[in-house]
Structure formats: C-alpha cells, structure tokens
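Have a look at the structure below before the remarks.
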Amino acid sequence: MALQLNLVDPARKADPLEAATTLGTLLTHTPEYKAFITALQAVNSDLTVQKLSAEMRAHQATLQWGRDADDQHAAELTRLELEMDDLPLVKEYREAARDVSALFQAVDKVVSHEAGVDFAVNAQRSSCSCGG
Amino acid sequence: MPLTEEIKIAALQLGQALRQDEDVLMYLNALQEVQADPTASALEKKMYDVYEGLIARQQAGEQLSQEETSAFYELRQQVLSHPLISKRHEMLRFIRPRLAQIAEELTFVLAVDFASFARTE
C-alpha cells in the first residue's frame, strides 16, 4: 500500500476533511471492509434475496396501512424474515457487517478520544439534539 | 479490535484535526468550563449518580415512588438550566453538523455510512 500519511506539522492547521479522506482510503484496504463490500454485493445481486425482500416489503406496506385484521401478514412477514436469516449469503453478510462495525467502532474510539468529543454518535444528521 | 499502526495514526490525525477545528474548539472550551466549575460538575455528577441508582433499583424489580421520580426530574431540570451546562449542550448541538460533514467525507470514500456502523448501540 503506497499511501502517503499526512504527517502533522504543528505550524500547519490540519484539515479534518483531508484527514477523513486519508483515513477512509486506508479503511478501504482492510480485509474487514473488503469482505463486507463483497458480502453486500453478493446479497444485493442474489435473486432469492431480491424475491424475499419484495415479498417482505409488500407485507410491511399492508401492515403500515393497518390492513391485517387476522394477523396473517404479520405471521407471513415473520416467516419470510426467518427464511431470509437462514440464507447462507445473508448469514455471511451479517457476519461481515459485524466485523466492519467493530473496525469502525475501534477507529471511532481513537478519533473521539483524540478529538475530545464523541465523534460518530454526534455525527449523524438525524442525531437527537436533546443534550448529552 | 486491534488497529494497524497506519490506521491508528490516521485516526489520531483526524482526531487532532477535529480538536483544532474552530467549531469543535468552542465546544471543548464550553466543556472545560463545566469541568472547571465545582458547582456545575458536582450537580451533574449527582444527577448521574441518582439516575444510575434509580435505574439499578428499577431493574431489580423495585417500584419507584412518585416523589423519587419527581425529585430526579427536578434535579435534571436544575442541571439542564445551569448556564455552563446549558452552554455546553448548545455548543454540542452547534458542532453536530460539522461532525456530520466530516463523517460524510468518510462515508463518501467508503460508500458505507461510517457513523451508523461506528455507533455502539
């Protein structure tokens, strides 16, 4: 990997966006990230997953409209979710997601500690503004 | 999860860059003011201690009295209305869009929502 790291020059104010680009680029080279992207692409292009997702969306839409007096749609949705969870591709995807999440959490811990503010938890546009 | 040296250095550099950011500096100053004020920090510590005590008792199956919960909410209101704590909350709200902008840069490079995956929930 021939990436240049930005060495901190005390006289020069570091640019967070530049630092984020460098960090992001390094993360794309990790085995966890590569495995996650591969698993994500596999799941997204799998016909069985697509079919099950479409069926699940249809049942979810019915439930949202409150048209499930006899709980048939809720039961079918649960069955489809279990069927989806049982697919080897989906299991691989979930495992890869857990690994990449652990990697990002470890990175966030270092960033937050150094910055003096919890980074990821406060970095979401939809983040609650109720204090803390 | 252990990080490679290269990633650790890059994460430290992002943290340092954030610490130097003007907006983040204002938040850190507000945070410092709370920490340096004995009344504000003691009040906040008391609130968290009371909260943890109540939660622990509730989780143990104990029914909390109306007086106890009211006293807690009153204490929380005192904390939230303390000028220094209120200023710190305001500054945190103020820097969130800046933090989001930087996280979005990571998300752009990764094509994965960094902040969502990094949150420990």
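Chain letters run A, B, ... following the sequence lines, proteins first and then strands; every chain starts at 1.
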>> With a sphere of 6.0 Å drawn around CD of Q72(A), does it hold more than 12 non-hydrogen atoms of other residues, nucleotides or ligands?
In response: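 Open: at most 12 neighbouring heavy atoms sit under 6.0 Å from CD of Q72(A).
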
> Top residue by heavy-atom pair count (under 4.5 Å) with chain A, among T107(B), V112(B), T4(B), V24(B)?
Replying inline: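 Highest number of heavy-atom pairs under 4.5 Å: V112(B).
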
> Which one of D113(B), D21(B), L28(B), L12(B) has the most heavy-atom pairs closer than 4.5 Å to chain A?
Replying inline: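 Highest number of pairs under 4.5 Å: L12(B).
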
>> Less than 4.5 Å to any heavy atom of chain B: does that hold for the side chain of T30(A), its backbone, both, or neither?
In response: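 Contact with chain B: side chain only.
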
>> Does any backbone or side-chain atom of I37(A) lie under 4.5 Å from a heavy atom of chain B? Answer side chain, backbone, both or neither.
In response: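 Only the side chain of I37(A) comes within 4.5 Å of chain B.
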
>> At a heavy-atom distance under 4.5 Å, which candidate from E32(A), K109(A), H113(A) has the highest pair count against chain B?
In response: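 Between E32(A), K109(A), H113(A), the count favours E32(A).
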
>> As an exercise: rank D108(A), L23(A), T21(A) by heavy-atom pairs under 4.5 Å with chain B and give me the winner.
In response: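 Of the options given, most contacts go to L23(A).
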
> Can you check whether T25(A)'s main-chain N or O pairs, donor with acceptor, with H29(A)'s side chain at less than 3.5 Å?
Replying inline: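 Yes, H29(A) side chain to T25(A) backbone: donor-acceptor pair under 3.5 Å.
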
> Quick one: does S101(A)'s side chain have a donor or acceptor within less than 3.5 Å of a partner on F117(B)'s backbone?
Replying inline: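 Flag set: sc S101(A) to bb F117(B) pair under 3.5 Å.
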
> Would you call R79(A)-E83(A) a salt bridge at under 4.0 Å N-O?
Replying inline: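 Looking at E83(A) together with R79(A), the answer is yes, because their closest N to O distance falls below 4.0 Å.
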
With a 4.5 angstrom heavy-atom cut-off, is it the side chain or the backbone of [X] that approaches chain A, or both, or neither?
{"X": "I95(B)", "answer": "side chain"}
{"X": "L14(B)", "answer": "both"}
{"X": "E90(B)", "answer": "neither"}
{"X": "E44(B)", "answer": "neither"}
{"X": "I7(B)", "answer": "both"}

Distance alone, cut at 3.5 Å: any donor-acceptor contact between the side chains of [X] and [Y]?
{"X": "Q124(A)", "Y": "R96(B)", "result": "no"}
{"X": "R57(A)", "Y": "Q60(A)", "result": "no"}
{"X": "Q13(B)", "Y": "T22(A)", "result": "no"}

> Would the Y51(B) and F72(B) ring centres measure less than 6.0 Å apart?
Replying inline: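 Ring centres of F72(B) and Y51(B) closer than 6.0 Å.
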
